[in-house]
Structure formats: structure tokens, C-alpha cells
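Computed over heavy atoms, backbone and side chain alike; hydrogens, waters and symmetry mates excluded.
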Amino acid sequence: MQIVLTILIFTRLYDFMNYRAIARLSQDMTKAMEMHQQNPRQTAMYLSERSPSYFMFSLIGDILYLLVCVYLMFHEDTWTPGVLLLIIAALESYALYAKVEGTCFQAEDNYFYPCIWWRYACTGSTLFILTRLLQLERLLIE
């Protein structure tokens, strides 16, 4: 479990450092899917400054994060941190996709990005909980 928690800490830090590129790529993928749904017979080409593997790395990290949170929720000793991690992740995603005022802004390139204070609050609280779980895991092993 220590290895998984360490990987999650590093993926959260990776997401924090690259939040603008991830938000832009996510919005580009959403626009591409909407265009495909409007006219499925038309062939479209999607060009991105980042490769799809970049997006897939972020997606796999988020799925792993979700699975670990669900696992933590169903364990008797760690259900509270698991629920808190899921709530923080849900609030972080909802604020960007619902474009909640004060938590995201529209840049000059017409993309929505999360405000830096919101990123600090969500990432800081997530990293705090994950590092506390890592310390708890180390204490239980010893």
C-alpha cells in the first residue's frame, strides 16, 4: 500500500504542476467529442500540442486515485480519509466543469483554468491526507 500511496502523491504533484495543460487538453477532447456527436459521418482530425499519451497518463492516475479512495472508504480504519479524498476530488472537478465563479477563470485563449488559490487548497489538502495515510501505514507495519 505504501507504493500505491507514493505513486498517488507523485501523480497529484504532476497534476498540480501541469494543471493548465491538463485543463486545456480535457476541454479540447470534450469539444472533439461534441463535434463527432453532431456529425458522426464526418471525419475529423484532432491536433494537440500534447500527445494523447499525456492525457492517458493523467486519466490512469485519476482512475487509480478513485480506486484507492473507494478501497479506503470500505476499510474500517481509513474510511474517513477515503471519503474526504473523494469529496475533495469531486469538488475540484465540479468547480472546473461547472465553471463555478471564483474557482476558475477564462483566459485570453478562451479556455477555462482553475484559479491558483483553488489548486493550492485542493492539492494541499489532498497531499496532507495522503502523507498522513502514508505515515499511518508505516506505523502499522512497524
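The shortest side-chain heavy-atom distance between Val100 and Trp118 does not fall under the 4.5 Å cut-off. For the pair Leu96/Pro114, a side-chain contact is recorded, criterion being any heavy-atom separation below 4.5 Å from C-beta on. In this structure, Met35 and Asn39 have side chains that are not in contact, with every pair of non-hydrogen atoms separated by 4.5 Å or more. Looking at Val68 and Met1, their side chains come closer than 4.5 Å, going by heavy atoms from C-beta outward.
Taking every heavy atom of both residues into account, Gly102 and Cys115 meet most closely at O-SG, 3.6 Å. Contact detail for Cys122 and Ile88: the closest heavy-atom pair is O-CG2, 3.8 Å.
Taking the six-membered ring wherever Trp is involved, the centroid distance between the rings of Tyr14 and Phe57 falls below 6.0 Å.
Remark: of the listed residues Leu133, Leu66, Thr78, Leu133 is the sole one forming a side chain to side chain contact (heavy atoms under 4.5 Å, CB included) with Leu85.
Rounding to the nearest 0.5 Å places CD1 of Ile9 at 5.0 Å from CG of Leu134.
No more than 12 heavy atoms of other residues, nucleotides or ligands shown are found within 6.0 angstrom of CD1 on Ile3. With a 6.0 Å radius and a threshold of 12 heavy atoms from other residues, nucleotides or ligands, Glu101 has its CD atom at or below the threshold.
Checking Tyr97 against Ser26 by side-chain atom types alone, a donor-acceptor pair falls below 3.5 Å.
Remark: Asp15 does not engage Arg119 in a salt bridge, criterion side-chain N to carboxylate O under 4.0 Å.
Below 30°, between 30° and 60°, or above 60°: for Tyr113 and Phe105 the angle between ring planes is between 30° and 60°, a tilted geometry.
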